[in-house]
Amino acid sequence: MRPMDVMTTGVITVDPDTSVQAVAKLLSERGISGVPVVDSANRLVGIVSEGDLLHRVETGTERQPERLTGRRRRSWWLDTIASDQELARDYAKSHGRTAKDVMTREVISITDTTELADVAMLLETKRIKRVPVLRDGKLVGIVSRANLVRALATTKGEAATDADSDDRTIRDKLLAELKGQEWFKAQEWFKIWAADIIVRGGVVHFWLCDDQYEEERRALRVAAENITGVRRVEEHIVPASYLTASPDRR
């Protein structure tokens with residue numbers, strides 16, 4: 001399995017000129033801890049996380065120079081080398097008005113064909129919970145720890161087989177079908193993210209919110225069953241409270 005088989009698509013993004021207040025509102029209302037920043041060609045240029053918005057002049061939480069606070073660094077030479085650069089960075093973070101002013105530019109990312117074993121190692125060693133997925137430099141999805149756990153849940157301990165390519169075709173066709181339906185596009189953001197789709201051995205696995213309407217669940221099942229090669233459909237229910245109470249679940 002590859003990132004393209006398990007990743008969450010339809011990623012929420014902002015453009016570099018989005019205001020800091022708009023980004024903060026987005027993170028707060030959507031219950032997420034970070035948002036990718038993409039240019040007009042959907043190329044990843046950075047990411048804004050809660051940490052990037054932690055020290056702001058508007059809330060009086062901006063960092064103070066250590067000469068004003070009386071705190072010292074671990075050593076005088078480290079202070080001398082890093083002081084000017086860090087002061088400039090901290091000022092931009094606390095006073096910047098747009099996403100491009102405060103975003104983290106050195107973003108760890110993967111491609112949609114990266115080995116999942118490498119993805120798991122990356123998440124573990126870098127101590128991150130999610131990683132953007134790129135195809136030809138453009139953002140196509142996000143793989144999180146939750147995605148990998150769900151992928152494991154769909155297996156029965158068997159090794160990968162040639163059927164994986166067929167599963168990928170089924171998933172691509174199903175996603176294309178759903179994205180063309182108005183009822184699917186009109187869903188609230190958390191329902192779209194909850195409806196993660198993984199195909200394994202011809203079995204389509206849906207992760208659905210427990211307050212999703214029965215009509216929507218039925219439509220998802222029908223759409224999947226109409227895809228050639230699908231053996232059956234399984235639903236996995238995720239509590240709505242889990243989605244809103246655990247913004248870092250991904």
Side-chain angles (χ1 to χ4, degrees), residues 1-13 32-36 38 42-44 46-47 49 104 106-179 190 192-209 220 224 227-238 242-243 246-250:
M1 300 179 74
R2 307 279 179 156
M4 66 179 71
D5 300 314
V6 302
M7 67 185 182
T8 298
T9 57
V11 181
I12 300 171
T13 64
I32 53 179
S33 59
V35 59
V38 298
N42 201 40
R43 294 185 179 276
L44 183 68
I47 190 167
S49 69
T104 298
E106 297 76 26
V107 181
I108 298 171
S109 63
I110 59 175
T111 70
D112 59 348
T113 59
T114 302
E115 294 282 351
L116 282 192
D118 294 333
V119 177
M121 183 65 69
L122 183 66
L123 294 178
E124 181 180 22
T125 57
K126 298 298 183 180
R127 297 184 179 180
I128 54 179
K129 297 182 179 179
R130 67 197 63 78
V131 61
V133 183
L134 307 182
R135 180 184 300 147
D136 297 327
K138 298 183 178 182
L139 183 69
V140 293
I142 282 182
V143 170
S144 67
R145 295 185 179 190
N147 291 129
L148 295 184
V149 172
R150 290 175 180 179
L152 174 62
T154 66
T155 69
K156 296 180 180 179
E158 75 279 6
T161 68
D162 292 338
D164 289 346
S165 59
D166 294 331
D167 292 339
R168 188 172 302 137
T169 299
I170 291 173
R171 186 173 188 268
D172 289 344
K173 289 182 178 180
L174 178 55
L175 287 172
E177 173 66 20
L178 292 176
K179 290 178 180 178
F190 64 85
I192 295 176
W193 278 48
D196 285 348
I197 303 169
I198 292 179
V199 183
R200 191 67 172 170
V203 179
V204 177
H205 297 263
F206 285 111
W207 269 266
L208 305 170
C209 193
L220 289 170
I227 302 296
T228 302
V230 172
R231 294 170 47 210
R232 68 176 186 276
V233 176
E234 293 188 7
E235 295 182 358
H236 308 271
I237 306 303
V238 179
Y242 174 64
L243 297 180
S246 303
D248 281 333
R249 68 189 182 87
R250 295 181 175 278

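In this text the structure is predicted, and so the values were computed from the model without any measurement.
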I'd like to check P36 versus V107 (side-chain heavy atoms, cut-off strictly below 4.5 Å). Are they in contact?
no

Heavy-atom closest contact (R2 atom, T114 atom, distance):
CD-O, 3.8 Å

So CD1 of I198 and NE2 of H205: to nearest 0.5 Å the spacing works out to 8.0 Å

What heavy-atom pair brings V35 and I47 nearest, and what distance separates the two atoms?
O-CG1, 3.3 Å

Value rounded to 0.5 Å, distance of CG in L175 from OG1 in T9:
5.0 Å

Check step by step if side chain to side chain contact (heavy atoms under 4.5 Å, CB included) holds for V6 and R150.
CA-CA 8 Å; V6 302; R150 290 175 180 179; over 6 Å; no

Full working for side chain to side chain contact (heavy atoms under 4.5 Å, CB included) between L123 and L148:
CA-CA 10 Å; L123 294 178; L148 295 184; 3.8 Å; yes

On a heavy-atom basis, the closest approach of V233 and A224 is CG2-CB, 3.6 Å

Hey, does the side chain of R130 reach the backbone of S144 with a donor-acceptor pair shorter than 3.5 angstrom?
no

Under 3.5 Å, side chain of R171 to main-chain N/O of M4, donor-acceptor pair present?
yes

Between atom CD1 of I170 and atom CZ of R231, what is the distance when rounded to the nearest 0.5 Å?
9.5 Å

Between the main-chain N or O of D136 and the side-chain N or O of R43, is there a donor-acceptor pair closer than 3.5 Å?
yes

Using side-chain heavy atoms (C-beta onward) and a distance below 4.5 Å, is V133 in contact with S109?
no

Rounded to the nearest 0.5 Å, what separation is found between the OG1 atom of T125 and the CD1 atom of I108?
7.5 Å

Rounded distance (nearest 0.5 Å) linking atom CG of L178 with atom CD1 of I197
5.0 Å

Between R168 (side chain only) and V199 (backbone N and O only), is there a donor and an acceptor less than 3.5 Å apart?
no

Gap between atom CG of D112 and atom CG of L139 - 0.5 Å precision
11.0 Å

Could you walk me through whether D167 and D5 satisfy the side chain to side chain contact (heavy atoms under 4.5 Å, CB included) test, starting with their C-alpha distance in whole Å, then the side-chain angles of each, then the deciding distance to 0.1 Å, before giving a yes or no?
CA-CA 8 Å; D167 292 339; D5 300 314; 6.0 Å; no

Taking atom types as modelled, find out whether T169 and D172 have a side-chain donor-acceptor pair closer than 3.5 angstrom.
no

